[in-house]
J.: 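Shown below is the structure under consideration.
Numbers restart at 1 for each chain; the letters A, B, ... are given by sequence-line order, proteins then strands.
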Amino acid sequence: MPQRTAKTIWELGSDLSLEEPLDARDERFVPTESARGEFSFDSLLKPYGVDPKTDDMKFVPKMVYSLFCGHRGCGKSTELRRLHVRLNQPELFFVVFIDALKDLDINNLGYADVLLAQAKTLIDRIEEEGLDIDKIHLATLEKWFAERIEKHENTKEYAAEIKAGMKAKHGIPFLVELFAQLTTSFKMGSTYKEEVRTIIRNSFSQFVQAFQQLVDAANEQVISKGKGKTILFIVDGTDRLSGEDSDNFFIRDAHQLLQIRGNFIYCAPIHLIYENNQVQQIFSNIFKLPMIKIEDKYSRETQNELGYRAMREIVYKRADRSLFDDEATVDYLIAHSGGHPRDLLHLLIYAFKKADGDLLDRASAEAAVKELATDYRRTLSKNDFQLLCEIDSDPDQTHNTEEARALLYHLALLEYNSYWWRSHPAVRTLPGYKECRPKSISSHEATAE
Amino acid sequence: MKRPPSNAPAATNDEAFAWEVEDCHSGALLEFKRLIKGNGRFSLVILQYNDLPYRDKLITHLNHYADSPIVFSVDPAMDFSAFEEGLISASQGHDLVQVLGLNEWLFGDNRDIMLKGFNYHRELLADRAPATVALWMTEYDIRDFALKAPDMWAWRKAVIDFSLQSRERDTLELAPLNFGTADLEERRQRAQEITQWLAAHLEESIPKANLLRELGEIKSQQGEAEGALQAFDSARKIFRKADYKRDYALTTGNIARVYRLQGNIVKAIDYHQEAKNLFKDLGDAWAQATASLNLADALYLTGAVEKALESYMEALKVFEALGDYGARATTLLGIARVSGDTGDLESALELQKEALVILEKLGDKRSQAIAALELARFYEEKGAEEAPKLYQDALEVFKKMGDKRSQAVALSCIAKLYTRKGDVNKALEIHKQALVLFRAVGDKLSEGISIANIAFIHHLSGRLEEALASYEEGLQLLETVGVASEVAALLRLESQIWWHKNELQKALTALTKSYGIESELGRPDGICRVGRDLGHLLCAMGEKQKGLEILKRSRDGYRQLGKMKQAAEVAEIMKNCKSNAGVPPKS
């Protein structure tokens with residue numbers, strides 16, 4: 001994806017991409033920590049012993065399991081990639097980064113899949129870094145494979161296929177190849193996928209023991225070779241899980257994940273942390289990435305200048321100022337994005353589409369907002385509008401209902417720092433919203449649209 | 001000039017196809033086109049429909065915007081893996097994949113699984129399907145897609161609504177004026193009805209825009225240019241806001257015609273070009289051809305004959321392919337004009353007659369009358385007797401319709417007839433009548449030409465000072481409207497008076513300027529005519545070598561044009577020049 005700043009409207013149309021998170025060193029990245037209100041990564045880093053001011057490790061964490069949550073499109077994956085780079089230092093961590101969406105088939109994703117992927121990625125990193133793991137620490141995993149996969153009636157043929165392609169490898173090279181094949185099968189939805197999953201479940205304690213042994217041995221090597229103070233696993237993509245899948249992964253089967261002693265960060269969908277209290281009991285640290293804050297909690301007219309500054313930078317790193325008739329047009333788009341980075345990109349794409357000439361002007365910006373609002377209108381009912389109206393009228397009140405969580409999930413409702421909610425500004429332009437009246441008016445009533 | 005064939009090969013689908021898209025979707029088409037241009041990687045576009053036959057027409061239209069489009073029809077029995085494989089396979093080597101059959105595929109118990117598949121395999125699809133994937137979906141399915149595949153939904157580049165809407169048409173909209181047959185009273189009545197309706201309906205709406213356009217056209221044809229422009233402009237604003245791109249373009253064309261009738265040719269050309277570009281973008285071949293035709297008319301007025309012909313031929317090809325006889329006839333008239341200018345009178349006459357026959361059959365009285373005027377001009381050139389009656393009949397038609405401008409044109413033609421016959425007083429009287437009408441309709445170009453005609457009558461009658469004053473007045477006007485060809489013609493006539501008054505330097509200045517304009521315009525007839533006078537004058541002023549060079553060019557030019565009589569006249573001047581004779585040029 002080009003990292004240039006588009007100088008013509010056609011370059012902009014070609015370059016604007018919704019699809020990829022920014023690479024850690026992407027020039028288009030804009031630091032947004034201060035733009036998200038009274039927010040920082042401190043509460044994520046400190047449990048892992050990291051002093052966020054200096055990036056020094058004050059203590060070596062032993063077993064910290066965190067959930068990294070936030071709205072779809074708020075920048076989670078981008079921030080996780082930057083976190084990966086930031087923390088993957090000899091003085092800090094040896095980071096093992098798993099992108100579940102790339103490495104696995106997230107369809108029917110289970111804990112077994114993720115553990116396999118963690119094992120594979122760890123083994124790959126061990127080989128890349130030339131870490132020397134004694135055979136004895138690998139033997140348990142090899143034994144698990146031999147006893148559980150090779151000898152099992154349903155999977156021995158599969159195991160034979162795998163081994164046939166390995167050309168008498170041993171040790172780490174053997175495990176690299178083995179886990180690559182296993183995870184590929186999982187990703188491709190092979191017929192053996194369910195069989196292997198079942199085997200892992202049924203032999204879970206053996207697998208866990210084997211994997212743990214590998215993790216511990218790797219940890220020692222990491223420390224002795226000066227690659228880091230300890231291993232940290234970061235798993236992105238698991239926030240994609242929805243409904244029953246996410247409940248199974250993060251609640252029902254979560255204790256399986258926690259059986260591996262180590263340090264982990266898992267990406268999770270935002271609605272999960274409001275659904276019930278269980279997830280807070282399972283994971284010691286829940287970290288929420290809020291939306292970029294562009295409005296004040298009690299007054300919609302009061303702009304948060306830091307938020308606007310960050311959002312303007314997001315725009316100007318992609319589109320030259322000369323493409324806009326006025327900075328007011330840019331601010332208009334920002335105001336109607338709600339501080340949602342991906343929705344800001346949506347608005348830019350829509351404005352490009354609607355532009356008559358070579359400039360993005362107020363008319364095309366208004367048309368873009370109208371289109372985004374129409375997108376949201378498709379998913380909202382009369383009751384939804386009423387609920388949004390109620391929530392907006394009283395930001396101090398807790399509205400943690402199933403309906404509200406659904407709105408949060410579908411981005412009609414956005415969460416800002418200190419964790420208050422407000423309806424998406426594009427939704428507020430819709431007649432359905434404007435017609436609603438809150439049942440109660442709070443003393444902090446915002447100005448009407 | 002070769003006569004354009006009437007049985008030109010039919011245009012292929014790539015060149016001309018009937019515009020079958022609803023007006024309200026024209027903007028959406030352009031948006032789609034913008035989105036897929038130069039894409040080269042995965043992008044998701046959702047297309048909403050509610051009518052299958054209309055959707056199928058749109059598929060053809062949308063395919064025209066892609067370099068290598070393909071349609072992927074989903075088998076309802078496919079599971080998600082099979083669908084995924086099919087989509088990935090379809091996208092290889094194609095830039096646009098239109099996916100059909102999702103409504104049936106999503107119907108049933110596996111709906112949620114299919115939608116979840118989209119959500120979970122978003123990255124995989126993006127990685128392996130490097131094309132614009134356009135999913136045709138119903139409103140209900142789109143809603144569910146947004147709710148159950150929210151991550152894939154988040155990657156949408158656009159949701160374009162191609163649903164057929166049943167728009168309530170106002171009763172007034174339902175009975176538009178027939179501009180081909182309506183007389184003055186009908187036009188006045190219609191204008192009044194529309195004005196009353198507009199006063200009662202202040203809100204902006206598509207019916208309002210349509211009625212404003214109609215009112216603009218009535219005013220334009222009545223010669224009320226300012227009123228017409230106001231109405232068209234208001235209509236255009238509404239169309240723009242509503243994203244009715246095609247109607248916006250059509251109204252742009254209306255505005256261009258008003259400017260052309262006012263003689264503001266430069267602006268007319270700009271607007272015609274804008275309209276043409278928009279129609280080209282939309283893929284509306286017929287409208288693009290109409291814009292080409294209008295552009296050709298405007299270019300012709302500036303004297304850019306070659307460019308005008310190019311545009312006429314471009315338009316003709318499409319009209320013939322689409323079977324639009326009326327438009328074909330109008331185009332033939334344009335080509336006939338160009339033929340006449342380049343000396344091929346026979347071809348010109350043939351084309352005009354053919355056009356007239358078509359227009360008679362279609363019953364378009366106004367266009368018939370315009371065609372009759374053109375035909376009469378050519379008869380007049382040949383000295384034929386049909387010309388006066390044709391002019392008079394056309395004048396009657398224009399009077400009945402209250403078309404002031406066309407009346408004035410007919411009057412000017414009649415006046416010229418009288419001039420040829422030698423009845424200059426009658427000619428002057430009629431020219432003055434025409435001038436009043438041209439001023440009334442604000443047609444500066446025709447006003448300037450009318451003043452020049454009056455100047456010429458004064459000139460012929462020996463009233464040289466009055467002639468000079470009128471030429472100057474006409475020149476100022478024509479220079480303002482920027483029609484170089486008429487400026488050149490007037491300068492030439494003015495130079496004759498200066499020469500007659502023995503103010504040779506002034507004559508030389510005027511002729512040199514005129515010659516320069518004609519050369520720049522590249523008009524052979526004009527170059528020959530002015531060159532004859534300039535060469536002659538230079539000889540008379542003692543610059544024989546220069547003079548003879550220019551005369552030679554004129555003589556040879558006339559020969560090439562087949563105008564042997566004129567060529568012989570120039571040869572005579574050259575002979576006299578060589579022998580030092582100094583006769584002033586003939587008018």
J.: Is it the case that B/Arg34 places NZ or CZ above or below the six-membered ring of A/Phe352, under 6.0 angstrom from the centre and within 45 degrees of the axis?
T.: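 Geometry flag: set, cation within 6.0 Å and 45°.
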J.: Would you mind reporting whether B/Glu31 and A/Lys354 have side-chain heavy atoms less than 4.5 Å apart?
T.: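 Yes. Closest side-chain heavy atoms under 4.5 Å.
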J.: Rounded to the nearest 0.5 Å, what's the gap from CG on A/Leu380 to CG on B/Leu147? Could you check?
T.: 8.5 Å
J.: Taking 4.0 angstrom as the limit, do A/Arg240 and B/Glu123 come out as a salt bridge?
T.: yes
J.: Listed by residue number, which members of residues 135-146 of chain B have a heavy atom under 4.5 Å from any heavy atom of chain A?
T.: B/Glu139, B/Ile142, B/Arg143, B/Ala146
J.: State which residues pass salt bridge (Lys or Arg N to Asp or Glu O under 4.0 Å) with B/Asp112; sequence neighbours excluded, sorted by chain then number.
T.: B/Lys148
J.: Please look at A/Arg342 and chain B and tell me whether the side chain, the backbone, both or neither of the residue comes under 4.5 angstrom of a heavy atom of that chain.
T.: side chain
J.: What part of B/Lys241 is in contact with chain A, defined as an atom under 4.5 angstrom from a non-hydrogen atom: side chain, backbone, both or neither?
T.: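 No part of B/Lys241 comes within 4.5 Å of chain A.
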J.: With side chains defined as the heavy atoms from C-beta onward, is the minimum distance between A/Leu101 and B/His121 less than 4.5 Å?
T.: no
J.: So, taking the atom named CG in B/Asp161 and the one named OG1 in A/Thr374, what distance separates them when rounded to the nearest 0.5 Å?
T.: 9.0 Å
J.: Is B/Glu274 in contact with chain A via its backbone, its side chain, both, or neither, using a 4.5 Å heavy-atom distance?
T.: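 Contact with chain A: none, neither part.
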J.: With a 4.5 angstrom heavy-atom cut-off, is it the side chain or the backbone of A/Ile9 that approaches chain B, or both, or neither?
T.: side chain
J.: Does the side chain to side chain contact (heavy atoms under 4.5 Å, CB included) test come out yes or no for A/Arg378 and B/Trp153, once each step is laid out?
T.: CA-CA 12 Å; A/Arg378 293 174 182 278; B/Trp153 170 253; 4.0 Å; yes
J.: Quick one: what part of B/Arg240 sits under 4.5 Å from any heavy atom of chain A, side chain, backbone, both or neither?
T.: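 Side chain only.
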J.: Side-chain contact test, heavy atoms from C-beta onward, threshold under 4.5 Å: evaluate it for A/Glu371 versus B/Val159 and give yes or no.
T.: no
J.: Does a side-chain heavy-atom distance below 4.5 Å link A/Lys102 with B/Leu124?
T.: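 Side-chain contact under 4.5 Å: no.
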J.: Flag yes if more than 12 heavy atoms outside A/Glu403 fall under 6.0 Å of its CD atom; otherwise flag no.
T.: yes
J.: Does atom NZ (B/Lys33) have a neighbourhood of more than 12 heavy atoms from anything else shown, all under 6.0 Å?
T.: yes
J.: What is the minimum heavy-atom distance between B/Lys157 and A/Gly13, and which atoms define it?
T.: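 Where B/Lys157 meets A/Gly13 most closely, the heavy atoms are NZ-O, 4.3 Å.
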J.: At a heavy-atom separation under 4.5 Å, does A/Ala355 approach chain B through its side chain, its backbone, both, or neither?
T.: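 For A/Ala355, backbone and side chain are both near chain B.
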J.: Nearest 0.5 angstrom please: B/Leu35 CG to A/Ile349 CD1, how far?
T.: 8.0 Å
J.: Would B/Lys245 and A/Asp356 count as a salt bridge (charged side-chain N to carboxylate O under 4.0 Å, His left out) if you check the C-alpha gap in whole Å, the side-chain angles of each, and the deciding distance to 0.1 Å?
T.: CA-CA 10 Å; B/Lys245 282 277 182 335; A/Asp356 259 344; 3.7 Å; yes
J.: Which region of A/Leu372, side chain (C-beta onward) or backbone (N, CA, C, O), has a non-hydrogen atom less than 4.5 Å from a non-hydrogen atom of chain B, or is it both or neither?
T.: side chain
J.: Could you state the interatomic distance from CH2 (B/Trp155) to OG (A/Ser17), rounded to the nearest 0.5 Å?
T.: 7.5 Å
J.: Is chain B contacted by the side chain of A/Glu366, its backbone, both, or neither, given a heavy-atom distance below 4.5 Å?
T.: neither
